[in-house]
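Position 1 is the first residue of the sequence, and the numbers go up from there.
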Amino acid sequence: MKENRAINLEVIVKRLLVKDVISDEYIGKEILVCGWVKTKRVSKDIVFLIINDGSTQDTLQLIIFSNNSVFHNLDHCNTGASIMAKGILKESPGKGQKFEMEVSEIVVFGDADPEKYPLQKKGHTLEFLREIGHLRSRTNTFSAIFRLRNVVSMAIHEFFQERGFIWVHTPIITSNDCEGAGEMFTVTSLDLSILSMNQDSTIDFSQDFFGRQAFLTVSGQLEAEFLAMSFGKVYTFGPAFRAENSNTSRHLSEFWMVEPEMAFADLRDDIKLAEDFLRFLCKVIIEKGEKELLFLENKYKRIVIEELGRISETNFTHISYAEAIKELEKSKEVFEFPIKWGMDLQSEHERYLTEKIAKGPVIITDFPKEIKAFYMRLNDDEKTVAAMDVLVPRVGEIIGGSQREERLNVLEKRMIEMGISTESLQWYLDLRRFGTAPHAGFGMGLERFLQYITGMINIRDVIPCPRAPKNIGF
Ligand code: 4AD
Ligand code: MG
């Protein structure tokens with residue numbers, strides 16, 4: 001039986017991970033490894049198997065000589081198969097690897113039909129790999145990207161924890177629309193085939209699970225605000241959902257967002273935090289993800305590690321929305337969307353400002369109040385709000401934030417102006433009634449940031465299971 005043999009093998013020698021095997025320490029010693037076969041090459045007297053076990057981007061070469069009885073039993077050990085093998089680690093005489101393992105025994109846990117296994121050595125397009133989302137993480141590209149995702153996620157925690165921010169868990173199911181854009185997924189336990197309607201033909205959500213309409217959150221900010229009003233400095237880091245019908249290379253319906261919120265802070269503090277944060281992330285990624293970055297840089301020629309290095313040391317360009325509009329008006333570029341004060345900046349404008357004007361990250365502040373959310377603090381001109389967006393080359397906006405409106409009467413007036421129900425957000429207004437204070441925060445989309453550092457053109461290639469309109473395959 002395969003299982004018994006596997007257990008027997010492990011009793012004799014403890015399993016090592018490929019990341020640990022690749023060191024001089026094990027030369028000449030008997031070791032045991034597990035993994036998936038990436039390639040198999042057969043010659044008259046030798047079979048070469050390259051395996052990867054997920055512990056590292058690196059692979060280990062296994063060699064099986066024809067004088068070993070195992071040699072004749074490798075018919076179903078092909079690319080994609082999972083195996084366990086025992087043998088002696090040696091220095092490799094071949095090119096491309098320092099070590100190799102001379103196999104004495106091997107167990108195939110699961111074979112993979114070479115006619116049907118979709119990942120072939122020739123390489124595949126990113127579009128094709130999106131269709132086999134459950135297998136693409138076995139490729140070098142996605143292995144590198146998802147490892148970097150892990151590095152960035154841990155660095156996010158490190159940054160905020162080191163600075164005394166408390167990680168708070170804001171809800172995924174909510175009754176509020178933080179961004180006020182109406183782009184929310186409804187969460188319901190109603191039987192959709194027998195919906196009861198109100199007299200005005202709207203759905204009667206009083207019969208629903210929560211007794212009112214509930215949604216998947218678009219942002220944890222409003223709850224983070226009340227937690228910041230107790231802890232001073234907090235951050236959320238979790239999924240956000242947007243039912244925006246945007247089939248673009250920068251939008252996901254489910255993405256991860258990190259949202260710090262600070263009491264006793266204004267827009268300047270917020271901008272400083274965002275800059276420090278991005279500089280820190282770039283520095284840590286180069287330190288901890290250099291191997292993966294180099295792989296992606298060599299393969300796709302889009303990211304420049306040197307550029308990330310520069311960001312980790314420089315100040316960002318700061319301009320106001322009004323100045324940005326002037327720059328765009330001056331430009332000789334032909335934009336699809338004409339430039340006018342009051343317009344929302346489109347991707348083409350963001351790219352022009354970062355790539356042509358600043359040649360690096362840009363922070364735009366003080367946007368017209370009409371194009372920003374209700375919670376942003378109204379400036380003295382009463383036309384603009386204390387908002388800031390951080391834009392980077394190739395991707396555009398990666399951070400959106402603001403100082404929050406802490407004055408009860410101004411906030412109430414804004415909400416009414418914008419048609420936002422003050423009734424259901426009484427708890428939010430209470431924060432302005434009981435010990436209000438200046439406060440500020442921002443949100444960074446994890447996937448937008450990953451797009452920037454990995455050079456991936458499509459945001460669907462930096463998250464294991466991308467969700468987008470008409471797209472929920474894996
Ligand atoms: O600018 P947004 O909508 O701001 C907020 O949600 C605020 N509540 C944040 C805050 O101040 N606490 O979103 C923040 C960031 C964007 O800059 C972008 O990076 C990302 O979230 N983002 C998306 N990422 C992927 N797909 C989408 N559909 C995204 N929408 C926003
Ligand atoms: Mg935004």
Measuring only between side-chain heavy atoms, which start at C-beta, is E275 closer than 4.5 Å to I363? yes

CD1 of I166 to NZ of K233, rounded to nearest 0.5 Å, is 10.0 Å

Checklist entry - Yes or no on salt bridge (Lys or Arg N to Asp or Glu O under 4.0 Å) for D276 and R279, after CA distance, side-chain angles and deciding distance? => result CA-CA 5 Å; D276 286 348; R279 277 196 288 263; 3.0 Å; yes

Check your understanding: Would you call the rings of F335 and H349 parallel, tilted or perpendicular, where under 30° means parallel and over 60° means perpendicular?
Key -> perpendicular

- Query: Is there a donor in the side chain of T188 and an acceptor in the side chain of D208, or the other way round, less than 3.5 Å apart?
  - Reply: yes

Any side-chain donor near an acceptor of the partner, Q451 and E447, under 3.5 Å: no

Original post:
Given the rule in the salt bridge (Lys or Arg N to Asp or Glu O under 4.0 Å) test, do D461 and R136 qualify, once you have shown the distances and angles that lead to the verdict?
Top reply: CA-CA 10 Å; D461 293 333; R136 68 177 181 169; 3.2 Å; yes

In E179, E405, M415, R414, the residue satisfying side chain to side chain contact (heavy atoms under 4.5 Å, CB included) with Y375 is E179

The test is salt bridge (Lys or Arg N to Asp or Glu O under 4.0 Å); show your working for E333 and R351 and say whether it passes.
CA-CA 12 Å; E333 202 103 344; R351 293 192 58 168; over 6 Å; no

**Item:** Donor on one side chain, acceptor on other, E223 and N176, under 3.5 Å
**Value:** yes

Under 3.5 Å side-chain donor-acceptor pair for R149 and S153:
no

Query raised in the report: Is there a side-chain contact (heavy atoms from CB on, under 4.5 Å) between T365 and S320 once you walk through the steps?
Result: CA-CA 5 Å; T365 57; S320 68; 4.1 Å; yes

field: Residue R268 excluded, over 12 heavy atoms near CZ under 6.0 Å
entry: no

- Item | Greater than 12 external heavy atoms within 6.0 Å of M154's CE | no

Give a yes or no on whether F209 atom CZ has more than 12 heavy-atom contacts from other residues, nucleotides or ligands under 6.0 Å away.
no

dist F205:CZ -> R212:CZ (nearest 0.5 Å) comes out at 12.0 Å

With ring centroids as reference points, do F160 and Y235 lie under 6.0 angstrom apart? yes

dist L293:CG -> L148:CG (nearest 0.5 Å) comes out at 5.0 Å

- Do other residues, nucleotides or ligands put more than 12 heavy atoms under 6.0 Å from K291 NZ? yes

The reported gap from CD1 in I357 to NZ in K330 (rounded to nearest 0.5 angstrom) is 7.0 Å

In this structure, OG of S137 is separated from CG of L129 (nearest 0.5 Å) by 10.0 Å

- Query: Is the closest side-chain donor-acceptor distance between N247 and K470 under 3.5 Å?
  - Reply: no

Could you walk me through whether L328 and M343 satisfy the side-chain contact (heavy atoms from CB on, under 4.5 Å) test, starting with their C-alpha distance in whole Å, then the side-chain angles of each, then the deciding distance to 0.1 Å, before giving a yes or no? CA-CA 12 Å; L328 291 165; M343 72 183 295; 5.8 Å; no

Rounded to the nearest 0.5 angstrom, the CG-CE distance for L216 and M184 is 8.0 Å

Q | Short N-O contact, R310 and E307, less than 4.0 angstrom | A | no

Hey, mind stepping through K14 and L16 against side-chain contact (heavy atoms from CB on, under 4.5 Å) and telling me if it holds? CA-CA 6 Å; K14 198 172 164 342; L16 286 176; over 6 Å; no

- Report yes if some heavy atom in the side chain of E417 is under 4.5 Å from a heavy atom in the side chain of F374; otherwise report no. no

Hey, does the Lys NZ or Arg CZ of R163 hover above the aromatic six-ring of F159, less than 6.0 Å from the centre and inside 45° of the axis?
yes

Do I325 and Y321 come close enough that some side-chain heavy atom pair is under 4.5 Å? yes

Next on the checklist: Just by distance, no angles: are the side chains of Y300 and T141 close enough, under 3.5 Å, to form a donor-acceptor pair?
Outcome noted: yes

